[in-house]
Amino acid sequence: MIYDLKSNPDMSPIVGMLYSAVEQNCVRLQMITQGMLQNELDYKGPGDRYNSAAQLIKHLMYVDLNWVYRFKGQALPSNYADKYGPMIVEDGRLPMIAGVSIDTFMSNYTEVLSMLRDTCRQLSDRDLDQVVRFGHMNEKEATIRWGIWHMADHNRYHQAHINQLRKWYREQVVIE
């Protein structure tokens with residue numbers, strides 16, 4: 001297999017290349033979570049001190065969905081906020097989630113990626129210079145170009161956490 005960041009033919013060249021980075025990381029996330037049993041998906045690390053893979057995947061979906069709507073210049077619809085959110089709970093942590101299968105998560109993530117694909121098809125390379133607001137209080141600004149890159153980077157960042165959780169889980173199962 002040859003890895004490349006090929007532009008989608010339905011997108012302008014730079015938009016397509018950035019979208020390709022997000023898409024490849026979503027495919028990689030599916031590969032590293034493939035076959036996760038429910039106990040492993042809900043596992044919160046040694047001493048239950050970390051976010052579970054389930055929490056991290058839901059977080060990634062919600063963050064990505066927020067970026068899609070920022071790129072569109074629209075507020076996130078309440079039905080999506082209810083389905084995928086919230087970003088954080090009162091104590092500043094990721095919301096607790098358990099009992100949702102990996103297949104459900106990946107199906108939902110595919111839906112979010114499809115929304116991003118449709119949005120990217122509407123963007124020109126010049127649109128990448130547009131500035132959008134983000135952050136918990138919309139206190140930060142970034143270009144759409146940075147936002148798409150950030151989606152790929154953020155996904156990869158949390159994949160490292162999921163890989164560590166899987167390692168800890170395998171070690172725990174062997175010990176027990």
>> Between Asp129 and Arg145, does the side-chain contact (heavy atoms from CB on, under 4.5 Å) criterion hold? Intermediate values first, please.
In response: CA-CA 7 Å; Asp129 292 328; Arg145 176 180 21 261; 2.4 Å; yes
>> Please evaluate residues Gln164 and Tyr169 with respect to the criterion side chain to side chain donor-acceptor pair (under 3.5 Å), reporting the C-alpha separation (whole Å), side-chain torsions for both, the decisive distance (0.1 Å), and the verdict.
In response: CA-CA 9 Å; Gln164 181 63 55; Tyr169 184 80; over 6 Å; no
>> Between Asp42 and Val100, does the side-chain contact (heavy atoms from CB on, under 4.5 Å) criterion hold? Intermediate values first, please.
In response: CA-CA 9 Å; Asp42 296 338; Val100 178; over 6 Å; no
> After noting the C-alpha distance and the side-chain angles of Leu123 and Ser12, does the key distance pass the side-chain contact (heavy atoms from CB on, under 4.5 Å) rule?
Replying inline: CA-CA 7 Å; Leu123 295 172; Ser12 57; 5.7 Å; no
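The aromatic rings of Trp168 and Tyr50 sit tilted, their planes meeting at an angle between 30° and 60°. Using a 30° and 60° split on the angle between ring planes, Phe71 and Trp67 fall in the tilted class, from 30° to 60°.
Centroid-to-centroid, the aromatic rings of Phe134 and Trp146 come within less than 6.0 Å. Separation of the His161 and His59 ring centroids does not fall under the 6.0 Å cut-off.
Across all non-hydrogen atoms, the minimal contact from Asn25 to Ala152 is ND2-O, 3.1 Å. Among all heavy-atom pairs drawn from Ser101 and Leu41, the shortest one is C-CD2, 3.8 Å. Closest of all the heavy-atom pairs between Val15 and Ser124 is CG2-O, 3.6 Å. For the residue pair Lys44 and Ser52, the shortest heavy atom distance occurs at CG-CB, 3.9 Å. The shortest non-hydrogen separation linking Arg49 to Arg93 is O-NH2, 4.0 Å. When every heavy atom of Leu60 is checked against every heavy atom of His154, the shortest pair comes out as CD2-ND1, 3.4 Å.
Rounded to the nearest 0.5 Å, atoms SG (Cys26) and CD (Gln159) are 8.5 Å apart. Remark: Asp103 CG to Asn108 CG distance equals 11.0 Å, nearest 0.5 Å. Note that CH2 of Trp149 is 14.5 Å distant from CG of Leu128, once rounded to the nearest 0.5 Å. Going from atom CD1 of Ile162 over to atom OG1 of Thr33 covers 7.0 Å, rounded to the nearest 0.5 Å. Rounded to the nearest 0.5 angstrom, Tyr109 OH and Leu65 CG are separated by 10.0 Å. Atoms CG and CG, on Asn155 and Leu56 in that order, are 10.5 Å from each other to the nearest 0.5 Å.
At least one side-chain heavy atom of Asn66 sits under 4.5 Å from a side-chain heavy atom of Tyr62.
Salt-bridge annotation for Arg121 and Asp118: present, with a side-chain N of the basic residue lying under 4.0 Å from a carboxylate O of the acidic one. The pair Arg166-Glu171 does not count as a salt bridge, with every side-chain nitrogen at least 4.0 angstrom from each carboxylate oxygen.
Grouping the Ile, Leu, Val, Met, Phe, Trp and Tyr side chains by contacts below 4.5 angstrom, directly or via other members, places Met106 apart from Leu37. Criterion: ILVMFWY side-chain heavy atoms under 4.5 Å apart, direct or through other members. Under it, Leu116 and Tyr157 are not part of a common hydrophobic cluster.
Remark: Lys72 is positioned above the aromatic ring of Tyr69, its terminal NZ or CZ atom under 6.0 angstrom from the ring centre and at most 45 degrees off the axis.
Atom CD of Glu139 has more than 12 neighbouring heavy atoms from other residues, nucleotides or ligands inside a 6.0 Å radius.
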